[in-house]
Amino acid sequence: MTSVADLMDYDEVVARFDPMLGLEVHVELHTKTKMFCGCANEFGGEPNTHVCPVCLAAPGALPVVNGVAVESAIRIGLALNCEIAEWCRFARKNYFYPDMPKNFQTSQYDEPIAFNGYLDVTLDDGEIFRVEIERAHMEEDTGKSLHVGGATGRIHGADHSLLDYNRAGVPLIEIVTKMIPGTAERAPEVARAYVSALRDLLKALDVSDVRMDQGSLRCDANVSLSPKDSGVLGTRTETKNVNSLRSVERAVRFEMTRQAAILAEGGEIVQETRHFEEASGTTRAGRRKETAEDYRYFPEPDLVPIAPSREWVEELRLTLPEMPAERRKRIKAEWSLTDAELRDLVNADAIDLVAATVEAGATSVEARSWWVSYLMQQANTRGVELGALPITPAQVAKVVALVNEGALTNKLAREVVIGVLDGEGEPEQVVEARGLKVVSDDGALEKAVDEALAAQPDVADKIRDGKVAAAGAIVGAVMKATKGQADAKRVRELVIARCS
Amino acid sequence: MPSISRDEVAHLARLARLAVTDDELDLFAGQLDVILQSVSAVGDIATADIPPTSHAVPLTNVFREDVVRPSLGQAKTLAGAPAAEDGRFRVPRILGEEA
Ligand SMILES: [Zn+2]
């Protein structure tokens, strides 16, 4: 267990060491079927219900490559500015571990389908940092293990394990960066920004659900330190189990402070796999890293090579959507946003939601104010992501329209939104069911105003004497009497009219 | 100079989870050496104008449509399992040597 005393203060770390980063991201494609068989590719599901002789590795069963998965791999490669291999093969990565019934994982070894690319990443202050991509290759996901009998569900101390192979064979793309030098004190931020940019890119390509919480996007962070300006490459560790963007940043930062403390005392960094512990924000040692030849990779004899023609690659290039960075630039201009406003939208993951709300008829100002403030609060209160709130952009646009028509005040509109979030139906239904219509009948309002003036004659006199500011007290009384369902502006007009 | 050493055979045996005795190591190392020498005869023929072959058939780009086909179902899937629990394959303790 690492205690605080074993960590170096972060400022001291960056004063004495240069960090070197390397990031490996695994992304599950959301194809309909698995990589090499026709089993459904679905998250969840009863255990071992999406398996067949191929993904169970029954003797004699033969794999066939999912064409859509190859297309997705090429599109990802193109979006990452990679070269696309003219000819490449799958390879067997041999290991004994029950998460693959075959005792090997079908992957790509020295012939990845895409290589030599880059991704430009925007940091918090708007600076662009270029991350070079080493390769993106195709492989398959493994099954899921449940370790029984250990204290914490961990593999250590477990009595036995239970295997569900629904995920075994799900198409996976592994995207590996080249070593990323020169990040200095911003290494944790660069790591987070890279994964965030990659996630946005994959989302725009519509090739994956990119849900880090569900494991469809996973990040392993390689970190090493070398003494400042020494140019000597340090021993690296690989931290796994990093399941959120925030964790990517925390894991890199923690490893830097842990390694620095060891190096400062003359110790050596062990080259190993480490696991990130979400609760404590620390990493703990896992298994020692096996060397590459231990996997005894060899070309997969059951699958024929893939040779994407240049015509096919160019056709796929034409299917690439507007890239997130360009889209942001365009939206910033179209909606006249400041840097800070754009950053709020990005951080809230609200761009798509706001754009769809604008599409449905709201202005960008109206749409932004709903999503980034009130709905964001609701998402936080309910402990879900903004996009997971049970309200659609169309429904938000409808609420905005009702406010603009004068049918709802802002206060009532918020109540309508709560009703929608609580599953009470469409905005109009909530208005009806909760009786939230604005009291716009002047007769009823005038009556309420007269009553309020009669109740506070001294205030009424002040208004009559020209002290218009005093009208606020009467407006407040009327709003109270109408349970907030009156349009305050109209009430104010009536109060002044009555007193003149 | 043998094309495979006794140490390499021992290493491979460990990776393949095969319990091989010292006597067997001597025996297999010799036999594997003969096999490798025979296969390496191919290298004598290969020249720059003969591309390496990894497949017997000259095919590329054999793809399947992304269409779901029926799976086996849980009962059938687990029917051949030595042990099962809660709809899952039950396997013995995984960590031992590396813990
Ligand atoms: Zn299958």
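Sequence lines set the chain letters: A, B, ... in the order given, protein chains first and strands last, and positions in each chain run from 1. These values consider heavy atoms only, across backbone and side chains, with no hydrogens, waters or symmetry-generated copies. Computed from a predicted model, the values in this text were never measured in an experiment.
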**Student:** By the definition side-chain hydrogen bond (donor to acceptor under 3.5 Å, both in side chains), identify the one residue from A:Thr31, A:Asn41, A:Asn66 that meets it with B:Asp66.
**Tutor:**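 For B:Asp66, the side-chain hydrogen bond (donor to acceptor under 3.5 Å, both in side chains) test succeeds with only one of A:Thr31, A:Asn41, A:Asn66, which is A:Asn66.
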**Student:** Could you check whether A:Lys102 pairs with A:Glu140 (Lys NZ or Arg NE/NH1/NH2 to Asp/Glu carboxylate O, under 4.0 Å)?
**Tutor:** yes
**Student:** Is A:Arg317 salt-bridged to A:Glu315, cutoff N-O under 4.0 Å?
**Tutor:** no
**Student:** When only pairs under 4.5 Å are counted, which of A:Cys52, A:Cys37, A:Pro47 shares the most heavy-atom pairs with chain B?
**Tutor:** A:Pro47
**Student:** Given that the side chain runs from C-beta out, which part of A:Cys55 has a heavy atom under 4.5 Å from chain B: side chain, backbone, both or neither?
**Tutor:** neither
**Student:** Between the side chain of A:Arg274 and the main-chain N/O of A:Thr283, is any donor-acceptor distance below 3.5 Å?
**Tutor:** yes
**Student:** Identify which part of A:Ala40 has an atom lying under 4.5 Å from any heavy atom of chain B, answering side chain, backbone, both or neither.
**Tutor:** both
**Student:** By a 4.5 Å heavy-atom criterion (distance strictly below it), what part of A:Pro101 contacts chain B: side chain, backbone, both, or neither?
**Tutor:** neither
**Student:** Do A:Met138 and A:Thr106 come close enough that some side-chain heavy atom pair is under 4.5 Å?
**Tutor:** no
**Student:** What part of A:Pro301 lies closer than 4.5 angstrom to a heavy atom of chain B: side chain, backbone, both or neither?
**Tutor:** backbone
**Student:** If you count heavy-atom pairs under 4.5 Å with chain B, which of A:Pro98, A:Ser309, A:Ala58, A:Pro299 comes out on top?
**Tutor:** A:Pro98
**Student:** Which residues from residues 25-37 of chain B are near chain A, with near meaning under 4.5 Å between non-hydrogen atoms?
**Tutor:** none
**Student:** Got a salt bridge between A:Lys144 and A:Asp164, using NZ or NE/NH1/NH2 to carboxylate O under 4.0 Å?
**Tutor:**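 Salt bridge flag = no for A:Asp164 with A:Lys144.
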**Student:** Quick one: what part of A:Val70 sits under 4.5 Å from any heavy atom of chain B, side chain, backbone, both or neither?
**Tutor:**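 The side chain, not the backbone.
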**Student:** Relative to A:Phe298, does A:Arg92 satisfy both conditions: NZ or CZ under 6.0 angstrom from the six-membered ring centre, and within 45 degrees of the ring's axis?
**Tutor:**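 So A:Arg92 doesn't make the cation-pi contact.
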**Student:** Ignoring hydrogens and angles, state whether a donor on the side chain of A:His160 or B:Arg93 is under 3.5 Å from an acceptor on the partner side chain.
**Tutor:**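 Judged by distance alone, the side chains do not pair up.
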**Student:** With a 4.5 angstrom heavy-atom cut-off, could you sort out which part of B:Val67 is near chain A: side chain, backbone, both or neither?
**Tutor:**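 Looking at B:Val67, just its backbone touches chain A.
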**Student:** Are A:Glu28 and A:Arg218 close enough for a salt bridge, meaning some N to O gap below 4.0 Å?
**Tutor:**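 Answer for the salt bridge query: yes.
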**Student:** Based on non-hydrogen pairs under 4.5 Å, which of A:Pro308, A:Cys39, A:Ser161 is most in contact with chain B?
**Tutor:** A:Ser161
**Student:** Using only atom types and a distance under 3.5 Å, with no angle test, would you say the side chain of A:Arg284 pairs donor to acceptor with the backbone of A:Thr282?
**Tutor:**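 No, because the side chain of A:Arg284 does not come within donor-acceptor range (under 3.5 Å) of the backbone of A:Thr282.
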**Student:** In Å and rounded to the nearest 0.5 Å, what is the OG to CG distance from A:Ser216 to A:Leu172?
**Tutor:** 10.0 Å
**Student:** Shorter than 4.5 Å, heavy atoms on both sides: which option in A:Glu46, A:Lys34, A:Arg89 has the most such pairs with chain B?
**Tutor:**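 Heavy-atom pair counts peak at A:Arg89.
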**Student:** Which region of A:Leu162, side chain (C-beta onward) or backbone (N, CA, C, O), has a non-hydrogen atom less than 4.5 Å from a non-hydrogen atom of chain B, or is it both or neither?
**Tutor:** both
